[in-house]
Amino acid sequence: MSPRRNRPRRDENANLDADRVRQGVASVQQWTDGAWQVRGIGAGASVKTYRCPGCNQEIPPGVAHLVAWPADGLGDLTDRRHWHSGCWRARERRGPAVQRGRGAPRY
């Protein structure tokens, strides 16, 4: 004899929006340089290679990261930037990534 199920069954997928599950939920974060829309991208949804503006390193496909764009509503899709999560959190402590030649002084 099978044990009785005490809880009623419910359709577990009824309240899930496929785009929100795949792309994450956007939130607004306040920083010293303004308000930013931030959306986390899961490892399964990351299919392209991006360059992080915080460390100037590549974010390969299959790596969880986040996308940020200004929350003022004046920009377009070209204003979105893909960041490593740690680089986004540390961006106020970091200076800009400066590209130097091999013979350039490091001061």
Side-chain angles (χ1 to χ4, degrees):
M1 180 170 186
S2 300
R4 195 178 111 198
R5 194 174 181 99
N6 290 331
R7 285 180 247 139
R9 288 184 181 217
R10 63 178 181 206
D11 187 12
E12 295 178 7
N13 297 330
N15 296 330
L16 295 179
D17 182 10
D19 288 333
R20 290 181 77 183
V21 170
R22 188 169 37 84
Q23 296 177 352
V25 179
S27 65
V28 176
Q29 295 182 7
Q30 292 289 337
W31 291 80
T32 57
D33 59 348
W36 293 85
Q37 289 271 0
V38 179
R39 175 181 290 160
I41 304 295
S46 176
V47 294
K48 290 174 43 181
T49 299
Y50 300 100
R51 183 153 308 265
C52 175
C55 64
N56 204 26
Q57 299 294 316
E58 288 186 349
I59 304 171
V63 173
H65 61 282
L66 56 90
V67 179
W69 64 96
D72 57 10
L74 301 176
D76 57 2
L77 293 178
T78 59
D79 293 329
R80 294 186 306 173
R81 296 291 177 260
H82 293 255
W83 292 75
H84 291 110
S85 300
C87 293
W88 175 256
R89 288 188 303 268
R91 69 190 186 97
E92 289 188 340
R93 295 189 308 260
R94 243 181 224 183
V98 178
Q99 296 287 326
R100 295 186 178 98
R102 293 185 82 175
R106 294 224 171 245
Y107 53 86

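Worth saying up front: this structure is predicted, and the values here are computed from it rather than measured. Numbering of residues begins at 1 and proceeds along the displayed sequence.
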Tell me every residue that passes side-chain contact (heavy atoms from CB on, under 4.5 Å) with R89, counting only those two or more places apart in sequence or in another chain. S85

Residues in side-chain contact (heavy atoms from CB on, under 4.5 Å) contact with A35, at least two apart in sequence or another chain: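 side-chain contact (heavy atoms from CB on, under 4.5 Å) check on A35 returns V28, Q30, A71.
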
Indicate the atoms forming the closest heavy-atom contact of W83 with C52, along with that distance. CA-SG, 3.9 Å

Over all atoms of both residues, closest heavy-atom pair of G54 and C87: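 Answer, listing the atom of G54 first, then C87: CA-CB, 4.3 Å.
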
Residue pairs involving residues 61-71 (criterion salt bridge (charged side-chain N to carboxylate O under 4.0 Å, His left out); sequence neighbours excluded): none

Qualifying salt bridge (charged side-chain N to carboxylate O under 4.0 Å, His left out) pairs, either residue in residues 55-71, two or more places apart: R51-E58

When you compare the side chain of H82 with that of K48, does any pair of heavy atoms fall below 4.5 Å? no

When clusters are formed from ILVMFWY side-chain contacts under 4.5 Å, directly or step by step, what else is grouped with Y50? I59, V63

Nearest-0.5 Å distance that lies between atom CG in D72 and atom CD in Q37: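 D72 atom CG to Q37 atom CD measures 10.0 Å (nearest 0.5 Å).
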
Between CH2 on residue W69 and CZ on residue R39, distance to nearest 0.5 Å: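 Atom-to-atom, W69:CH2 and R39:CZ are 4.5 Å apart.
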
Does Q29 use its side chain to pair, donor to acceptor, with the backbone of V38 at less than 3.5 Å? no

Contacts of R80 that satisfy salt bridge (charged side-chain N to carboxylate O under 4.0 Å, His left out) - sequence neighbours left out: none

